[in-house]
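One-based numbering, in listed order, for ligands and for the atoms of each.
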Amino acid sequence: MEPFVLEQTTSLLRLAAWEEQFPGLVAGFTTRIGGVSTAPYASMNCGLHVGDDIQAVVRNRRNLSSLLHFPFEGWTCADQVHGNHITFVESAEKGRGRNSLEDALAASDGLVTAEKDILLASFYADCVPLLVIDPVKRVIGIAHAGWKGTAAIISQKIVESITERFGSHRQDIRVAIGPSIGSCCYEVDDRVVDQISVQLVGEKEDWLVSKGQGKYQIDLKLVNYYLFIQAGIHPEHILQSSWCTSCRNDLFFSHRADGGKTGRMAAFLGWRDEV
Ligand SMILES: [Zn+2]
């Protein structure tokens, strides 16, 4: 069953199972619908780094915060560089990057916090969003995994960051692998496949279909699933979306389907302070 459920009234995808099981948790993924940006960013562009009007993006972000009943002051995001660096977010970092790119946390594709009222946000147009929680220690993390971040095992880095910093037990950690480009639409060359293969020695090769002449179709969500299994996450604690951002270009921005110049969806994860 698809874990990222489209909410018709808001056009947001909600990670319903987590939000129901863990009161106060806000978790999900935006679509391209419901914002104020104009083409080629129409309309719910949440990314400040793609050339859209800054005021429109901030308005989209504010609208999202109000739909989530989450104070915009807590929206915190980073400058994403297709790496594997994880940044810890505490009260000093709260709110960074919400109004301007210059203010965003530097060069990070993963964010982790144990604080309430911080909404971790990261941005996507085909790459894979990874959402991670330890409900026992009340730690949350979010990671941006394109093929480079996937090959650089940002999935395993964020698990390690959480266990080392907060003493989390791997058997307590839950993971959700969000909407991204599917293997149906994602053709790559052997340079990409080689860098991922070395991380998956001994695993099944069902993430990979050869098209001949050095071309392959790959399933990045499944690759990240295997990497989380290797990291000691229980299979029953891993949710995986089946949405393809390229097939459903009506619903999502897609770098490939839109020819490069397009908006970004936001993955969001935060503990609301309900006291
Ligand atoms: Zn597709």
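- For the pair Arg138 and Trp271, the distance from NZ or CZ to the six-membered ring centre is under 6.0 Å and the angle to the ring normal is within 45 degrees.
- Under the side chain to side chain contact (heavy atoms under 4.5 Å, CB included) criterion, Ala106 pairs with no residue at all, not counting sequence neighbours.
- Within the protein, the N, O or S atoms lying under 2.8 Å from the Zn ion (ligand 1) are Cys184 SG, Cys185 SG, Cys244 SG, Cys247 SG.
- Between Phe166 and Asp134 the shortest side-chain heavy-atom distance does not fall below 4.5 Å.
- Screening residues 187-206 for ring pair (Phe, Tyr, Trp, His ring centres under 6.0 Å) gives no qualifying pairs among residues at least two apart or on separate chains.
- Scored by the side chain to side chain donor-acceptor pair (under 3.5 Å) test, Asp103 finds Arg96 as partners (sequence neighbours excluded).
- If you check the side chains of Tyr226 and Asp206, you find a donor sitting under 3.5 Å from an acceptor.
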